[in-house]
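Here the structure is laid out as structure tokens; the discussion comes afterwards.
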Amino acid sequence: MLYFRTVKLGTKSLLLHPMRSLLTVLGIFIGVASVIWLLAIGEGISKEAQRQIEDLGAENIIIRSIQPPDESGGNFRQITAFGVTRNECKLINDTISTVKRVLPIRELSQKFAYTGNPNVKPVDGRLVGCTSDYAEVTRLEIERGHFLTTREVELNRPVCVIAARLADKLFPSEDPLNKQIYLPEKKELFKIVGVLKHRNATAAIGGSLAAQDFSLDIYIPVTTMRARMTDQETKRSGGSFSSKLFELSQITVQVKSADDVPRTAELVEATLRQNDPNRQDISVVVPYELLEQAKTTRLMFMMFMGLIAAISLIVGGIGIMNIMLATVTERTREIGIRRALGGKQRDIVLQFLVETITLSIVGGITGILMGLLCPVVIDVSRWGLEYFAPQLYAGLPEVARVMRPTIVPISIPVAFGISVVVGVFFGLYPAVRAAQLDPIEALRHE
Amino acid sequence: MSETSTRMAAVIRDLQKHYVLKSETVRALRGVSFDVPEGDYVAIMGPSGSGKSTLLNLLGCLDQPTHGSFLLGGDDVAQMTDDELSTIRASRIGFVFQSYNLIAQLSVVENIEVPLYYMGNLNAQSRKRSIELAKMVGLGERLDHRPTQLSGGQQQRVAIARSLVNDPYFILADEATGNLDSVTTEEILALFQRLNDEGKTIIMVTHEDEVAEHAKRVIRLRDGEIQFDKPVEGRKVFTVEQIQEIAHNADVATRSAD
Ligand SMILES: Nc1ncnc2c1ncn2[C@@H]1O[C@H](COP(=O)(O)OP(=O)(O)OP(=O)(O)O)[C@@H](O)[C@H]1O
Ligand SMILES: [Mg+2]
């Protein structure tokens with residue numbers, strides 16, 4: 001009853017200066033909302049990074065071929081082979097016991113055309129030579145038809161599986177299944193046996209592994225690719241030709257269990273570098289290790305975000321203290337009256353504390369509500385940006401476009417707790433100052 | 001001193017108050033002794049700086065004497081802690097100030113209740129009592145009004161109702177009519193007389209002889225000492241009819257202001 005009276009009185013006093021109270025609440029509101037927002041965004045970003053790394057497969061080791069920088073500079077330079085080879089691929093598969101399977105992958109950028117529809121322009125995409133395991137290891141999902149089969153790979157069949165966006169582009173109004181895709185640069189035809197589901201791109205990892213956008217891919221048997229296109233790839237750009245010679249672009253080594261990954265990675269590196277320890281034309285990426293790194297990075301990221309949010313709460317608290325000090329001065333007379341009418345020092349402390357705590361709780365609750373709106377607000381603003389400024393939106397980093405803010409549940413009680421603590425902490429000094437005023441002098445105050 | 005049959009609201013013996021400043025010590029009260037029997041009506045007078053407010057602050061337990069004793073219902077206030085003083089103020093002293101000193105964010109009834117709030121005695125019964133007091137001072141129709149919506153006289157009547165709510169040893173009034181015009185002053189004085197007739201003890205500080213004439217006794221201070229302490233000769237008393245008429249007029253004024 002008495003506490004209820006105190007709270008009621010505090011509310012009345014605060015409503016005497018609504019604007020001032022509002023601004024004070026705003027400080028806490030922003031602090032609490034930013035705690036929740038920053039943590040939610042931080043969590044969203046690191047979740048997305050983790051997902052992208054996991055998409056690469058925690059039990060995978062990826063070896064990429066890297067084209068050495070062009071040193072000769074002339075047109076008639078000698079063409080030397082680079083990158084990981086089929087032999088090495090077989091060697092790893094046969095000699096390392098913890099390896100479950102090895103996937104040879106060869107990628108070429110190509111133009112794809114569909115001659116059955118004169119309105120469709122050729123599309124730039126990526127031709128991927130692979131084996132039947134590729135879909136499972138890379139987590140590609142089939143929408144219609146089937147992925148390349150072992151038999152199709154063994155028999156060098158001219159078949160392909162196409163990614164969803166490419167299918168949309170080349171076959172806006174037709175069923176792509178069993179149609180022929182034409183590669184004008186290679187003068188080859190491939191029959192479509194499967195169409196993939198849509199999927200998000202994977203992470204770009206350091207300089208060694210570019211972000212993979214699977215949306216314009218065509219998958220063909222790596223054997224067919226070798227038989228029909230050889231290992232030499234010649235491109236005409238402007239008036240000159242450039243040629244490169246490589247067997248494979250990548251091999252993905254799948255390890256039997258994730259625990260064996262670090263050891264296997266060492267063996268793989270040793271195998272590949274046995275002749276030349278300083279070999280520059282390959283790079284080994286271990287998603288498992290990246291995942292571990294990402295977890296520590298996440299922790300640091302969250303701490304950093306938390307720190308920023310805590311600072312904004314403290315700023316809010318200083319705002320409260322500032323206002324309450326002004327309020328105490330302004331209400332010196334009232335304090336004198338209350339003391340004369342029998343208010344003890346602790347009654348006065350309580351009265352002013354109740355006011356600051358009320359302010360900070362109101363700020364805390366509204367801040368939490370605003371915090372919970374974070375995913376919605378981000379979605380709406382992304383949508384708005386995509387609609388009104390598509391250029392700008394496209395320029396955003398991948399992670400900003402696909403990241404889903406994830407409210408960290410603990411951040412809600414923590415933010416609320418901090419706001420109350422801030423209220424008590426920063427309210428205590430002004431309240432104690434008020435209580436220690438001499439009643440007689442306070443009564444004389446104009 | 002000799003014991004009398006009447007009970008004492010306050011017993012003051014050799015009360016001194018010194019203010020120690022950097023350059024000098026101000027001896028605001030230099031040894032004041034007197035008794036206030038229950039039902040007394042005292043006017044404290046004296047020139048500016050003679051120590052009236054200092055004395056009243058001591059009587060109101062807002063301050064403690066440098067020397068001497070002040071017995072209130074048998075307890076010596078000079079020995080009390082700050083919390084004990086607060087408790088006494090909440091439970092046994094009624095204040096009426098020159099500038100009314102109502103709390104702006106509270107309504108009339110809530111203002112009257114403040115001492116009870118600090119006594120921890122807020123309940124349905126106390127609410128009833130506060131409403132009765134508001135009616136008694138002629139503000140029964142304005143229970144929910146805020147101080148800013150009231151005239152000076154009305155505010156002072158709320159303050160008087162507030163001073164009565166805890167059934168005090170005495171009502172202390174420091175220049176209670178100082179801010180009011182002559183008509184309103186009469187109104188307040190009539191109210192004081194009525195309360196005193198009902199047995200309430202009143203101690204008031206005033207500059208004005210016309211106000212002091214309504215008291216039963218005058219204590220005149222000079223330089224922190226009692227110059228004289230004597231009954232008022234030819235005390236001005238409102239007749240019952242006058243009191244009724246003043247209350248009625250005030251009531252009419254209150255209603256027509258709505
Ligand atoms: N807090 C204080 N510190 C120092 N001196 C004080 C203090 N309060 C009062 N005095 C001094 O004590 C003396 C008595 O003051 P007091 O306020 O009691 O006078 P008063 O009779 O009420 O005067 P007035 O009629 O002007 O209100 C004065 O000389 C005053 O300056
Ligand atoms: Mg004075």
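Convention: sequence-line order gives letters A, B, ...; per-chain numbering from 1.
In this model, no donor atom of one side chain and acceptor atom of the other lie less than 3.5 Å apart for T201(B) and E38(B). Judged purely by distance below 3.5 Å, without hydrogens or angles, the side chains of E187(B) and T184(B) never pair a donor atom with an acceptor atom.
In this structure, I320(A) and G423(A) approach most closely via the heavy-atom pair CD1-CA, 4.5 Å.
Contact annotation for R331(A): only side-chain heavy atoms (C-beta onward) come within less than 4.5 Å of a heavy atom of chain B. Within the 4.5 angstrom heavy-atom criterion, no atom of R92(B) approaches chain A. If you measure heavy-atom distances from E113(B) to chain A, the contacts under 4.5 Å come from the side chain alone. For I93(B), no part lies under 4.5 angstrom from a heavy atom of chain A. Proximity to chain A involves both the backbone and the side chain of N101(B), based on heavy atoms less than 4.5 angstrom apart. Of the two parts of R346(A), only the side chain, counted from C-beta on, holds a non-hydrogen atom closer than 4.5 Å to a non-hydrogen atom of chain B. Residue contact with chain A, scored on non-hydrogen atoms closer than 4.5 Å, involves the backbone and the side chain of D83(B) alike.
A donor-acceptor pair is defined here as one N or O able to donate and one able to accept, closer than 3.5 Å; such a pair exists between the side chain of S21(A) and the backbone of L14(A).
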### Task
Mind running salt bridge (Lys or Arg N to Asp or Glu O under 4.0 Å) on R51(A) and E48(A) for me, showing each step along the way?
CA-CA 5 Å; R51(A) 185 191 66 73; E48(A) 179 62 20; 2.8 Å; yes
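In terms of heavy-atom pairs under 4.5 angstrom with chain A, the leader among G94(B), A104(B), S86(B) is S86(B).
Rounding to the nearest 0.5 angstrom, the gap separating the CD1 atom in I12(B) from the CG atom in L55(B) is 6.5 Å.
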